[in-house]
Engineer: 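First the structure, then my questions, so here it is.
Hydrogens, waters and symmetry mates are skipped; everything else that's a heavy atom, side chains included, is used.
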Amino acid sequence: MGSSAEMKGKNVTVDEEKEMNFKNKLTALVVDDSKMHRLIHKKLLATLGVESQEAENGKEAVDICLSGEAFNLILMDYDMPVMDGREATKLLRENGVDTMILGITARSREWEREEFMGAGLNDCQEKPLTRAKLLSALQEVDAKL
């Protein structure tokens with residue numbers, strides 16, 4: 001008989017399945033103006049057992065978070081219309097949101113990444129976000145709960 005993950009039709013190893021067993025039920029907010037990137041990140045989170053919600057821009061993310069919705073992790077794109085990730089992160093921090101915010105960007109210039117980090121990110125990763133990088137962030141969040 002296969003593992004529970006194999007029985008659900010997923011091809012994961014026993015070691016990978018152990019990685020996905022978080023102590024806590026985790027939730028994430030995926031913020032990106034690209035529908036494709038939101039879908040990819042939501043599917044990646046789902047494969048790790050994390051429920052997620054999405055926002056198309058920084059203003060939507062701020063509105064969702066300040067309305068009382070709570071998340072364990074926010075994946076924040078840098079470049080978005082209406083309100084970019086840097087401004088949204090700064091507003092979230094100014095309003096007391098202490099959720100781990102992982103910046104996701106296609107920008108590779110060091111000063112741009114530093115500027116994004118300076119807004120209050122916990123970490124910043126280049127696109128595409130890998131499963132390993134996401135898993136590392138989720139394990140860090142889970143350990144702090």
Engineer: Under a single-linkage definition using a 4.5 Å side-chain heavy-atom cutoff for Ile, Leu, Val, Met, Phe, Trp and Tyr, are Ile104 and Leu135 assigned to the same hydrophobic cluster?
Structural biologist: yes
Engineer: Which residues pass the salt bridge (charged side-chain N to carboxylate O under 4.0 Å, His left out) test with Glu54, not counting sequence neighbours?
Structural biologist: Arg38, Lys42
Engineer: Roughly how far apart are Leu45 CG and Leu73 CG, rounded to 0.5 Å?
Structural biologist: 7.0 Å
Engineer: By side-chain contact (heavy atoms from CB on, under 4.5 Å), which residues pair with Gln53, not counting sequence neighbours?
Structural biologist: Leu29, Ile64, Glu69, Phe71
Engineer: Taking side-chain contact (heavy atoms from CB on, under 4.5 Å) as the test, write out the residues that go with Leu66, two or more places apart.
Structural biologist: Val62, Asn95, Val97
Engineer: Checking the side chain of Ser136 only, and the main-chain atoms of Ala132 only, is there a donor and an acceptor separated by less than 3.5 Å?
Structural biologist: no
Engineer: Val82: which other cluster members, linking ILVMFWY side chains closer than 4.5 Å, directly or transitively?
Structural biologist: none
Engineer: Please name all residues satisfying side chain to side chain donor-acceptor pair (under 3.5 Å) with Thr27, sequence neighbours left out, ordered by chain then number.
Structural biologist: Asn72
Engineer: Is it possible for you to say whether Leu129 and Met76 belong to one hydrophobic cluster, with membership spreading through side-chain heavy-atom contacts below 4.5 Å?
Structural biologist: no
Engineer: Linking Ile, Leu, Val, Met, Phe, Trp and Tyr by side-chain heavy atoms under 4.5 Å, what else ends up with Ile40?
Structural biologist: Met36
Engineer: What ring pair (Phe, Tyr, Trp, His ring centres under 6.0 Å) pairs are there with at least one residue in residues 120-145, not counting sequence neighbours?
Structural biologist: none
Engineer: Quick one: do Asn57 and Asp33 satisfy side-chain contact (heavy atoms from CB on, under 4.5 Å)? Show the steps, please.
Structural biologist: CA-CA 6 Å; Asn57 59 60; Asp33 59 315; 5.7 Å; no
Engineer: Is the number of heavy atoms from other residues, nucleotides or ligands under 6.0 Å of Lys43 NZ greater than 12?
Structural biologist: no
Engineer: So Gln139 and Phe22, side-chain contact (heavy atoms from CB on, under 4.5 Å) or not? Walk me through it.
Structural biologist: CA-CA 7 Å; Gln139 287 171 330; Phe22 299 114; 4.0 Å; yes
Engineer: For the CZ atom of Arg107 and the CD atom of Glu112, what is their distance to the nearest 0.5 Å?
Structural biologist: 4.0 Å
Engineer: Let me confirm one number: the CG-CD1 distance from Leu121 to Ile101, rounded to the nearest 0.5 Å.
Structural biologist: 6.5 Å
Engineer: Enumerate the residue pairs fulfilling ring pair (Phe, Tyr, Trp, His ring centres under 6.0 Å) with a member in residues 120-145, sequence neighbours excluded, ordered by first and then second residue.
Structural biologist: none
Engineer: Run Leu134 and Leu75 through side-chain contact (heavy atoms from CB on, under 4.5 Å) and show every step you take.
Structural biologist: CA-CA 9 Å; Leu134 181 57; Leu75 299 180; 4.1 Å; yes
Engineer: Quick one: side-chain contact (heavy atoms from CB on, under 4.5 Å) partners of Asn24, sequence neighbours excluded?
Structural biologist: Leu26, Asp142, Leu145
Engineer: Which pairs, with at least one residue in residues 115-128 and sequence neighbours excluded, count as a side-chain hydrogen bond (donor to acceptor under 3.5 Å, both in side chains)?
Structural biologist: Asp32-Lys127, Asp77-Lys127, Tyr78-Glu115, Arg86-Glu115, Arg93-Asn122, Asp123-Gln125, Gln125-Lys133
Engineer: Could I get the full list of side chain to side chain donor-acceptor pair (under 3.5 Å) partners for Ser34, not counting sequence neighbours?
Structural biologist: His37
Engineer: Yes or no on side-chain contact (heavy atoms from CB on, under 4.5 Å) for Leu102 and Cys124, after CA distance, side-chain angles and deciding distance?
Structural biologist: CA-CA 6 Å; Leu102 179 58; Cys124 187; over 6 Å; no
Engineer: Under the salt bridge (charged side-chain N to carboxylate O under 4.0 Å, His left out) test, which residues partner Lys144, sequence neighbours left out?
Structural biologist: Glu140
